[in-house]
There are 2 protein chains.
Amino acid sequence: MLRGDITVAIRNAVMTELAEVGYGRLSIEAVARRAGVGKTAIYRRWSNKLEMVMEIVSEIAERKVPLPDTGSFAGDLQLLLLIVSTALRHRMASQIIPDLMAEAARNPQIAETLQRALRTHQTAVGEKLIGQAITRGELPRGTDPDVAVDMILGPLYWRLAVARQPIEEDYLEKFTAAVTAALRATA
Amino acid sequence: MLRGDITVAIRNAVMTELAEVGYGRLSIEAVARRAGVGKTAIYRRWSNKLEMVMEIVSEIAERKVPLPDTGSFAGDLQLLLLIVSTALRHRMASQIIPDLMAEAARNPQIAETLQRALRTHQTAVGEKLIGQAITRGELPRGTDPDVAVDMILGPLYWRLAVARQPIEEDYLEKFTAAVTAALRATA
DNA sequence: AAACGGCGGAACGCAACCGTTACGTCGTAG
DNA sequence: CTACGACGTAACGGTTGCGTTCCGCCGTTT
């Protein structure tokens with residue numbers, strides 16, 4: 001029986017190492033070193049760097065995020081923005097996600113794993129959010145959830161993970177107003 | 001005198017290699033191999049992998065892009081979207097940019113180089129675009145160019161470089177309408 | 001008490017790169 | 001015609017990582 005505490009130590013080490021040096025330069029030896037573990041313990045669990053990283057990352061990525069339902073679209077939206085922006089501010093997310101995204105452009109297996117994890121949540125959240133708003137009459141019936149998701153997550157991701165600019169206090173409010181107006185116009 | 005054709009061959013090799021394996025795994029030997037050149041030719045020009053990549057990338061990144069002025073905001077916007085989306089569809093851009101972005105989270109020098117190249121263009125385009133529209137009376141005076149840039153580039157980058165979904169015909173139109181509505185609401 | 005199995009540690013042969021050096025070739029400037 | 005300098009090739013010693021193997025330790029199970 002594989003020891004659970006060792007597995008946990010390895011998982012943590014992989015995530016830390018991933019944030020620090022990225023997938024490309026992540027080495028099994030460094031993971032073992034950081035976890036305070038023999039290489040054998042790792043190879044007893046996974047046979048590859050790729051397999052190891054994918055198993056660990058997708059396990060984390062598939063944790064369900066509770067969908068907001070505050071009673072109004074503006075409330076839902078602001079809460080969602082808050083959740084996403086908080087998540088993206090964390091070092092783990094803001095370093096690991098872009099890194100794996102870049103890697104996904106090269107490795108189909110990474111791409112598939114990531115896309116599944118990401119798109120599943122994405123469309124789920126988008127459709128629920130937009131659906132609720134339409135039911136409430138806050139958005140026109142023809143609103144495109146696809147465009148909506150892009151208009152919501154895109155700027156946030158851009159600003160936090162790409163441009164790496166801070167989000168000031170009034171930004172989220174302006175942004176909420178902008179997105180609401182934008183979505184009404186897509187119908 | 002260093003031979004120009006050799007320099008060109010190296011530059012091309014670096015870009016190709018960068019797209020193929022990413023910065024983290026890019027090796028001088030591989031660049032030399034691909035360029036059909038000795039390692040000595042490379043070390044005669046740059047002393048580092050970092051220095052080499054930075055010099056080459058920033059040279060390319062700083063090429064000026066003509067700013068659109070079609071006479072109307074909708075026209076400007078649609079042209080800009082077309083330019084950016086075409087650029088991001090190219091393998092070079094869609095692989096190298098996210099890769100360097102991810103790397104920038106770790107390496108301050110890469111971050112600084114990239115940010116300068118990116119933000120310079122970004123704010124220039126944004127301010128010109130928004131400024132023109134305000135002058136024409138198409139957008140209210142208080143329109144925030146900062147938010148505007150995020151609302152324009154964010155979704156595009158997200159969709160093309162992150163989610164890697166195609167952009168259908170009617171998407172750009174819907175998107176143009178959405179952005180226009182969004183910006184009117186940020187004042 | 002004995003057997004089992006996961007563990008860390010150490011070492012294996014192999015491969016890739018690093019950054020540097022020495023050498024011989026070849027085109028061009030003087 | 002000569003001298004220079006950029007070039008490719010090859011090799012250097014050193015480092016890092018791969019994936020594997022063997023060992024001895026130790027807690028659990030039986």
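In what follows, every chain begins at residue 1, and chains take the letters A, B, ... in the order their sequences are listed.
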What is the distance, rounded to the nearest whole Å, between atom [atom1] of [X] and atom [atom2] of [N]?
X: A:Arg33; N: D:dG17; atom1: CZ; atom2: C1'; result: 9 Å
X: A:Asp5; N: C:dG8; atom1: CG; atom2: P; result: 9 Å
X: A:Leu2; N: D:dT28; atom1: CG; atom2: P; result: 16 Å
X: A:Ile6; N: D:dG27; atom1: CD1; atom2: P; result: 13 Å
X: B:Leu26; N: C:dG19; atom1: CG; atom2: C1'; result: 16 Å
X: A:Glu51; N: D:dG19; atom1: CD; atom2: P; result: 11 Å
X: A:Asn48; N: D:dT20; atom1: CG; atom2: C1'; result: 14 Å
X: B:Arg34; N: C:dA16; atom1: CZ; atom2: P; result: 16 Å

Can you find a side-chain donor-acceptor pair between [X] and [Y] that sits under 3.5 Å?
X: B:Arg45; Y: B:Thr7; result: yes
X: B:Thr70; Y: B:Asp76; result: yes
X: A:Thr123; Y: A:Glu127; result: no

[X] has a side chain; which of [options] sits nearest to it?
X: A:Tyr43; options: D:dC18, C:dG8, C:dC18; answer: D:dC18
X: A:Glu29; options: D:dC7, C:dG8, D:dG17; answer: D:dG17
X: A:Arg44; options: C:dG6, C:dG19, D:dC22; answer: C:dG6
X: A:Ser27; options: D:dG8, C:dC18, D:dC18; answer: D:dC18

> DNA chain D: B:Met1 or A:Lys49, which has the more 5' nearest nucleotide?
Replying inline: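 Residue closer to the 5' terminus by nearest nucleotide: B:Met1.
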> For the side chain of A:Arg184 and the backbone of A:Glu138, is there at least one donor-acceptor N/O pair under 3.5 Å apart?
Replying inline: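 Confirmed, A:Arg184 side chain pairs with A:Glu138 backbone.
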>> I'd like to know if A:Lys39 reaches the base of C:dG8 with its side chain, counting only an N/O donor and acceptor under 3.5 Å.
In response: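 Check fails, no donor-acceptor contact within cut-off.
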> Just to confirm, is there a sub-4.0 Å distance from OP1 or OP2 of C:dA16 to any side-chain nitrogen or oxygen of A:Arg25?
Replying inline: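 Result: no.
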>> On the nucleotide D:dC26, are OP1 or OP2 found under 4.0 Å from the side-chain N or O atoms that A:Arg3 carries?
In response: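 Looking at the OP1 and OP2 atoms of D:dC26, neither is under 4.0 Å from any side-chain N or O of A:Arg3.
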>> Exactly one of A:Val149, A:Asp146, A:Ile152 should register a side chain to side chain contact (heavy atoms under 4.5 Å, CB included) with A:Gln122. Which one does?
In response: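 Single side chain to side chain contact (heavy atoms under 4.5 Å, CB included) partner of A:Gln122 among A:Val149, A:Asp146, A:Ile152: A:Val149.
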>> Over all strands shown, is B:Thr40 touching base, sugar-phosphate only, or nothing at heavy-atom distances under 4.0 angstrom?
In response: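 B:Thr40: base contact, heavy atoms under 4.0 Å.
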